[in-house]
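Notes follow the structure.
In the text below, chain A, chain B and the rest are named by the order of the sequence lines, each starting its count at 1. Note that the structure is a prediction, hence the values are computed from the model and not measured.
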Amino acid sequence: MTAPKPGSPATTAARRDILITSALPYANGPIHIGHLVEYIQTDIWARFQKLRGHNCCYVCADDAHGTPIMLKARAEGITPEALIARVAEEHKADFADFRVGFDNYHSTHSDENRYCATLIYERNRDKGHVTARTIEQAYDPVEQMFLPDRFIKGECPKCGAPDQYGDNCEVCGASYSPAELKNPRSVVSGAVPEQRESEHLFFRLADFEPMLRDWTRGGGLQEQVANKLDEWFDAGLKEWDISRDAPYFGFEIPDHPGKFFYVWLDAPIGYMASFKHLCESERGRAAGLDFDAFWGKDSAAELYHFIGKDIIYFHALFWPAMLYGADFRTPTAIFAHGFLTVDGQKMSKSRGTFIKARTYLDHLNPEYLRYYFAAKLGPSVDDIDLSLDDFQARVNADLVGKVVNIASRTAGFVTKRFDGRLASSLPEPGLFEEFTAGGQAIADAYERREYSRAVREIMALADRANQYIDEQAPWVVAKQEGQEERLQGICTQGLNLFRLLIGWLKPILPGTAEAAEQFLKIPSLTWADLSAPLLGHEIAKFKPLMTRVEPQQVQAMLEASKEDLMAPTSAQQSGQGGSEQPAGGAGHLARDPIAGTIDFDTFAKVDLRIARIAKAARVEGADKLLQLTLDLGGETRNVFAGISKAYDPADLEGRLTVMVANLAPRKMRFGVSEGMVLAAGPGGKDLFILSPDTGAEPGMKVK
RNA sequence: GGCUACGUAGCUCAGUUGGUUAGAGCGCGGCACUCAUAAUGCCGAUGUCGCUAGUUCGAAUCUAGCCGUAGCCA
């Protein structure tokens, strides 16, 4: 059996073995709605394949290694193991609540991954694809560790912009090496980095050029991605540095004590490890899952990786090469998607559009976002935009106004007039068949990942169903004597059309589909069930399957996202797949490096004043905010401070503290904040407001 | 800076190999209906297809340059 070409219509009746993955989220921060584009896109595809009756597994894991995690754990005073365990729980809860249905969620810091990474390394090494070479790298003499480029800051050698990372300048866009940086400083300790030598291991990617060129042309890549790869081939494939020196949180390389696998080596291997863990679990054994059948060199199973466009290089070059070199099968296809913008702009913390998964869930139904993303997603690598106005309009119009409304406007008659019983035949079987015929195009669209097309097709049919009900006007028939049978027929027809629509939407809206199944009193729908109508069957009383999105909910979510920002927490944006971003370090300087030098005039612009906390109160509806009335000795200010978890309002009243008195007022959901009190600490319960020494009086300037 | 993409109605997007008057949903204007979560149906208005030049009988579609946006540069 040969795997069908990816993107080919799902015409094959044979049961396919399919393994699907999403990129591994990095275990140093929370999931946000940008991440969710990928997990929702993948989950829809996995659910679709399962509904079609295929043997489909969807696995993922936390990407748990690397310098940022090591330093963040150290900054929190806990072990990396404790950190990644905590983050894993948060990630799993977020995914579960968004109904991302992983068959297994594992970690790259696992026995299975150590085994697979070691095996892949050793097999490649034994074939001569790994070489050792001494390189020069920046070294932090205080922390006694080598520094990744992103952990060195200094002035751009080209434009002189201060506070730039060691690899490129965000001001002028120049690329350079950390050694070129002027006045370089270690982000971890603030020390001046030294250049030191160290022996590193390199994966000889160029050995695989013929195989990779072949694989690239094999139809497993989107055209846009293949174009990008050609560019890399033309530039020549370079060796890949796969080792890092201690201290490092990862797997020690067996034959090189003190050296560790680079996080990006074992990250994709996490896909294998997660699947291996699934195979060896009770569930996996019961299902007869065989690791080798999926990963062996001649596997007939299909293997798909959904990833973001930023990590194509790793998945389309290193990963297939590593697998090939270690005598494993290569992926059937890589599906890259674009990034998410909100209202046409990059997600922004200050605009409140940097929305964490949890913040969204606190205010809105996950089905809304799943639907909206589906309505926008296609198979290309183009970015997609979350337009908040469009989001509300679309969810309300399409899902509540069109689809759910079909059931809502027919079910009442069935319950009241026919004891919930559907008619035993359809008055218009032709219309039903017209719908089921449309199901083929919808399936093809799903298979090709053209979700936006599938949604368009489904909504066109939903319009058709509403037209039918309008034409038949059951509310008129209901008032006519002796027309009971006709009324029951119309409603049965309408509910059957509704059932088809819900069945087709099930990969996108698993929760709503489940509620609809309960309403219809039917077992879990599969694609095959949709060919025949539901007749002579008793249904439950209709309850709203989905409520409308209210603008206030969206506003509240944005406000809450701004609150997250105000509380000085240590939350960091996580890069997918273990990019080495500074996330913490030894002590507070590492977590939050000292900012670039300013002159005295700049400092003098900040007017700091002693203030007496005249009143302090909790803010209804905000879990982090306290409303403070600050007495400046003649003038009072209303200030919101994100310190509710650290202080009891009663303990604050009467205290003296320090505030920024000339900060521009800021409008918040709860009122206008006219300044800011100063506090130190990572956030949550660990926040400490400043107090002046005895003798200070309200209104005194701090200088 | 180099490369790869993207740029179509107020908004979000379709537009298959170049071929008549460029489409949909939302929003907007009007009418109808009242079963339904102010839901539904019918009718209508709305565009120099980023800009410029070229190829062609003919360009939203092909080519080049420019402008804007995103990502990558291991």
Side-chain angles (χ1 to χ4, degrees), chain A residues 149 158-159 167-169 172-176 202-203 205 222-232 234-242 262 264 308-314 316-318 336-341 343-346 372 375-378 380-417 450 452-453 455-457 459-460 462-479 487 490-491 494 498 542-550 579:
Chain A
D149 294 356
K158 216 165 183 180
C159 73
D167 47 4
N168 68 346
C169 173
C172 73
S175 288
Y176 43 78
F202 289 82
F203 179 65
L205 186 62
Q222 293 136 296
E223 194 191 333
Q224 296 148 309
V225 173
N227 289 343
K228 189 68 192 172
L229 252 53
D230 281 343
E231 174 196 327
W232 287 325
D234 292 345
L237 298 178
K238 293 180 197 163
E239 293 185 337
W240 181 37
D241 188 347
I242 55 168
Y262 174 41
W264 258 114
K309 63 179 175 180
D310 54 331
I311 54 175
I312 289 169
Y313 198 92
F314 295 95
L317 292 180
F318 292 142
H337 61 82
F339 278 44
L340 179 72
T341 54
D343 285 335
Q345 293 183 286
K346 257 199 235 189
Y372 190 73
K376 295 237 151 159
L377 276 168
S380 79
V381 298
D382 298 346
D383 292 351
I384 67 166
D385 183 50
L386 166 60
S387 160
L388 292 167
D389 289 341
D390 189 47
F391 167 77
Q392 295 167 58
R394 190 132 196 194
V395 168
N396 289 343
D398 290 0
L399 296 182
V400 182
K402 285 180 186 173
V403 177
V404 172
N405 191 225
I406 296 164
S408 179
R409 63 195 305 207
T410 49
F413 295 115
V414 176
T415 304
K416 279 181 221 150
R417 304 282 289 268
E450 295 177 356
S452 62
R453 182 182 296 273
V455 165
R456 273 202 308 281
E457 304 264 357
M459 288 309 144
D463 286 343
R464 185 76 192 83
N466 274 307
Q467 283 164 12
Y468 168 79
I469 294 168
D470 259 62
E471 286 160 15
Q472 299 300 318
W475 56 93
V476 175
V477 178
K479 288 171 189 154
L487 177 64
I490 294 164
C491 295
F498 167 76
F542 181 81
K543 284 181 286 189
L545 298 173
M546 179 181 281
T547 52
R548 301 166 59 79
V549 186
E550 300 298 337
S579 52

- Going from CG on A:Asp382 to CD on A:Gln222, what distance comes out if it is rounded to the nearest 0.5 angstrom? 10.0 Å
- Message: So A:Val381 and A:Phe339, do their side chains get closer than 4.5 Å, heavy atoms only?
- Response: no
- Whole angstrom is fine here: how far is it from CG in A:Asp149 over to P in B:C73? 12 Å
- Item | Side chain of A:Phe339 (C-beta onward), nearest among B:A39, B:G71, B:G41 | B:G71
- Mind calculating the distance between CG (A:Asn396) and P (B:C11) to the nearest angstrom? 21 Å
- When rounded to the nearest Å, what value does the distance between C1' atoms of B:G23 and B:U61 take? 15 Å
- Return yes if some donor-acceptor pair links the side-chain N/O of A:Arg417 with the main-chain N/O of A:Ala478 below 3.5 Å, else return no. yes
- Nucleotide nearest A:Ser387 when distance is taken to its side chain, options B:C35, B:U12, B:A36: B:U12
- Task: Kindly compute the distance separating CG (A:Leu237) from CH2 (A:Trp232), expressed to the nearest 0.5 Å.
- Result: 10.5 Å
- Message: By nearest atom, which of the nucleotides B:A5, B:U40, B:C35 is closest to the A:Trp475 side chain?
- Response: B:C35
- Once you round it to whole Å, what is the distance between P of B:C43 and CG of A:Asp470? 13 Å
- Message: Can you see if the side chain of A:Arg548 gets near the phosphate of B:A39 - specifically, an N or O under 4.0 Å from OP1 or OP2?
- Response: yes
- Think A:Lys376 has a side-chain N or O under 4.0 angstrom from the OP1 or OP2 of B:C13? yes
- From A:Arg548 atom CZ to A:Glu550 atom CD, the distance as rounded to the nearest 0.5 Å: 6.5 Å
- Given B:G41, B:C26, B:A70, which nucleotide is nearest the side-chain atoms of A:Asp383? B:A70
- Please state the P separation for the pair B:G29 and B:G65 - nearest whole angstrom. 47 Å
- For B:U20 and B:C28, measure between their C1' atoms and round to the nearest Å. 30 Å
- Task: Please state whether the phosphate of B:G15, meaning OP1 or OP2, lies under 4.0 angstrom from any side-chain nitrogen or oxygen of A:Arg453.
- Result: yes
- Message: Looking only at the side chain of A:Val381 (C-beta and beyond, no hydrogens), which of the listed nucleotides B:A36, B:C13, B:A5 gets closest?
- Response: B:A5
- Query: With respect to the phosphate group of B:C35, does any side-chain polar atom (N or O) of A:Lys479 fall under 4.0 Å of OP1 or OP2?
  - Reply: yes
- Identify which nucleotide among B:G41, B:A36, B:U37 has an atom closest to any side-chain atom of A:Asp463, counting heavy atoms from C-beta outward. B:G41
- With under 30° as parallel and over 60° as perpendicular, where do the rings of A:Tyr262 and A:Trp240 fit, or are they tilted in between? perpendicular
- Starting from the 5' end of RNA chain B, give me the residue, A:Leu317 or A:Ala393, whose nearest nucleotide shows up first. A:Ala393
- Task: Pick base, sugar-phosphate or nothing for A:Leu545, based on heavy-atom distances below 4.0 Å to the nucleic acid.
- Result: base
- Note on the structure: Among the nucleotides B:G25, B:C35, B:A39, whichever has the atom closest to the side chain of A:Asp398 is B:G25
- Side chain of A:Asp310 only, please: which of B:C13, B:G71, B:U37 is the nearest? B:G71
- Query: A:Lys402 side chain: which of B:A70, B:G25, B:C72 is closest?
  - Reply: B:G25
- For A:Lys543, which contact category applies under a 4.0 Å heavy-atom criterion: base, sugar-phosphate, or nothing? nothing
- What does A:Gly236 touch in the nucleic acid at a heavy-atom separation under 4.0 angstrom: a base, only the sugar-phosphate, or nothing? base
- Which part of the nucleic acid, if any, lies within reach of A:Asp241 when heavy atoms closer than 4.0 Å are counted: base, sugar-phosphate only, or nothing? nothing
- Task: Return yes if some donor-acceptor pair links the side-chain N/O of A:Glu239 with the main-chain N/O of A:Leu205 below 3.5 Å, else return no.
- Result: no
- Provide the distance between the two P atoms, one in B:U21 and one in B:G25, to the nearest whole Å. 23 Å
- Query: Are A:Gln392 and B:C26 close enough that a side-chain N or O sits under 4.0 Å from OP1 or OP2?
  - Reply: no
- Message: Can you tell me how far apart CG (A:Asp463) and CD1 (A:Ile406) are? Round to the nearest 0.5 Å.
- Response: 8.5 Å
- Query: B:G58 and B:G41: how far apart are their P atoms, nearest whole angstrom?
  - Reply: 44 Å
- Have a look at A:Val404 and say if it touches a base, only the backbone sugar-phosphate, or nothing, with a 4.0 Å heavy-atom cut-off. base
- Message: Within the 4.0 Å heavy-atom criterion, would you say A:Pro544 contacts the bases, only the backbone, or no part of the nucleic acid?
- Response: base
- Query: Sub-3.5 Å donor-acceptor pair from the side chain of A:Asp385 to the main-chain atoms of A:Asp343, do we have one?
  - Reply: yes
- Query: A:Met546 near the nucleic acid: base, sugar-phosphate alone, or nothing, with a heavy-atom cut-off under 4.0 Å?
  - Reply: base
- What's the CD1-P distance between A:Ile312 and B:A5, to the nearest Å? 11 Å
- A:Asn405 near the nucleic acid: base, sugar-phosphate alone, or nothing, with a heavy-atom cut-off under 4.0 Å? base
- Message: Whole angstroms only, please: what is the CD-P distance between A:Gln472 and B:U34?
- Response: 16 Å
- Rounded to whole angstroms, how far apart are CZ on A:Phe498 and P on B:U37? 14 Å
- Item | Proximity to the side chain of A:Ser408 - top-ranked nucleotide from B:A36, B:A70, B:C35 | B:A36
- Considering only the P atoms, how many Å lie between B:U52 and B:U12, rounded to the nearest integer? 23 Å
- Query: Say you draw a straight line from CG of A:Asn396 to OG1 of A:Thr547; how long is it, rounded to the nearest 0.5 Å?
  - Reply: 9.0 Å
- Atom C1', compared across B:C57 and B:U16: separation rounded to whole Å: 24 Å
- Item | Test applied, salt bridge (Lys or Arg N to Asp or Glu O under 4.0 Å); reference residue, A:Asp383; option that passes from A:Lys309, A:Lys346, A:Lys376 | A:Lys309
- Separation of the P atoms in B:C26 and B:C72, to the nearest angstrom: 37 Å
- To the nearest Å, give me how far apart CD (A:Gln467) and P (B:G25) are. 11 Å
- Query: To the nearest angstrom, how far is A:Ile469 atom CD1 from B:A36 atom C1'?
  - Reply: 9 Å
- Message: Show me the dot-bracket string of RNA chain B, counting Watson-Crick or G-U pairs under 3.5 Å, with | for pairs to another strand and [ ] for crossing ones.
- Response: (((((((..((((.....[...)))).(((((.......))))).....(((((..]....)))))))))))).
- Look at all strands and tell whether A:Gly412 reaches a base, only sugar-phosphate, or nothing, counting heavy atoms closer than 4.0 Å. nothing
- A:Phe413 vs A:Arg456, nearer the 5' end of RNA chain B by closest nucleotide: A:Arg456
